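In what follows, a single structure is set out as structure tokens and then discussed.
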Amino acid sequence: MNKRRYIYIAILFASVLQGCNGAFDGLYDEALSDEEQQNGFQSAEDATRFTIRLDARSYEHWHYINLHNRTVETLPIATTLTGEWDGRSQWTYYNVHGSVYTEQRSVKVDTQRDAEEWDLAIHHFDVKTNGGTALETVYSSLDDLPATSDAFKEADFTPDEWRTNQCIVDLTNMMSYNVWYTSSMVNTVLSRWVSMDFSSPPPVYSASQRVYLLRMKDGTCAALRLVDYMSDRGTKGFLTIDVKYPY
């Protein structure tokens, strides 16, 4: 290839770059920053339908949601033991390979302090209930649900259970497959709305897109669907939840 052709290719390449300059400008310009994301309850025209937007990026907090009065209270996860140990609350360091969790060591911590009044609580993507039970439905939209929750009267709802390897609190050494978890009650059905594949760190997340029913201890029922788990800028941990309550 002669010198003249090299020059021609260089000019052509520069022209292409110049034509592309600004082609992607504005891709994120109109997206809100993570700090500007709305949080809390967003009401719709239907009094029983609303959206919850939640900044759950932190692995260090539980967000306690009261569906009855539509409030959210955020409380820190217990990190140290300051009083008498309850016999089970701890941080556990696991080596994780797929579904195999090998305990490395553990640290005792205080009992988790919950909000006074709440119906469900969210830790990043984990969910627990206040004495409630949950069901995963076959529906992917609240609009497709039967008229009332009576249609699920005979369904098998699942209560919370105590887990030591569900709620992540430290991913610092995840590339070595080592992760810190805090022990907690967790509803394993509701927590399926986002799954995490740890087979090849960093973890890969995916949403189920299903509608979940939460039957609360007062007998009322709510329908929940996780619409998104990322912010407008693609940051994981920003939840958008469509809710029908009471259902």
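Just so we're clear, the structure is a prediction, and the values are computed from it rather than from any experiment.
Val211 places none of its side-chain heavy atoms less than 4.5 Å from the side chain of Ser141. Contact check for Val186 versus Cys167: side-chain heavy atoms found under the 4.5 Å cut-off. Proximity of His123 to Tyr59: side-chain heavy atoms (C-beta onward) are separated by under 4.5 Å at one or more points. Contact annotation: the side chain of Met196 approaches that of Ile168 to within less than 4.5 Å [non-hydrogen atoms, C-beta and beyond]. Contact annotation: the side chain of Asp126 never approaches that of Arg163 to less than 4.5 Å [non-hydrogen atoms, C-beta and beyond]. Residues Trp118 and Trp62 have side chains not in contact (no heavy-atom distance under 4.5 Å, counting atoms from C-beta outward). With a 4.5 Å cut-off on side-chain heavy atoms, Tyr94 and Thr164 count as touching. Under the 4.5 Å side-chain criterion, counting only non-hydrogen atoms from C-beta, Ile52 is in contact with Leu67.
Trp162 belongs to a hydrophobic cluster whose remaining members, ordered by chain and number, are Met185; membership requires side-chain heavy atoms of ILVMFWY residues under 4.5 Å apart, directly or through intermediates.
Glu60 and Ser58 form no side-chain donor-acceptor contact under 3.5 Å, judged by distance and modelled atom types alone.
Checked for salt-bridge contact, Arg225 and Asp143 miss the test: no charged N lies under 4.0 Å from a carboxylate O. We find that Lys128 and Asp114 are joined by a salt bridge, their nearest charged nitrogen and carboxylate oxygen being less than 4.0 Å apart.
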Donor-acceptor pairs under 3.5 angstrom involving side-chain atoms of residues 174-181: please list them, not counting sequence neighbours.
from: Asn178; atom 1: OD1; to: Asn95; atom 2: ND2; distance (Å): 2.9
from: Asn178; atom 1: ND2; to: Ser176; atom 2: O; distance (Å): 3.4

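Residue Thr82 comes nearest to Thr80 through the heavy atom pair CG2-OG1, 3.7 Å, listed as atom of the first residue, atom of the second, then distance. Between Arg210 and Glu136, the shortest heavy-atom distance links the atoms NH1-OE1, 3.6 Å.
Tyr212 and Tyr205 fall within the same hydrophobic cluster, where Ile, Leu, Val, Met, Phe, Trp and Tyr residues are linked whenever their side-chain heavy atoms come under 4.5 Å apart, directly or through other members.
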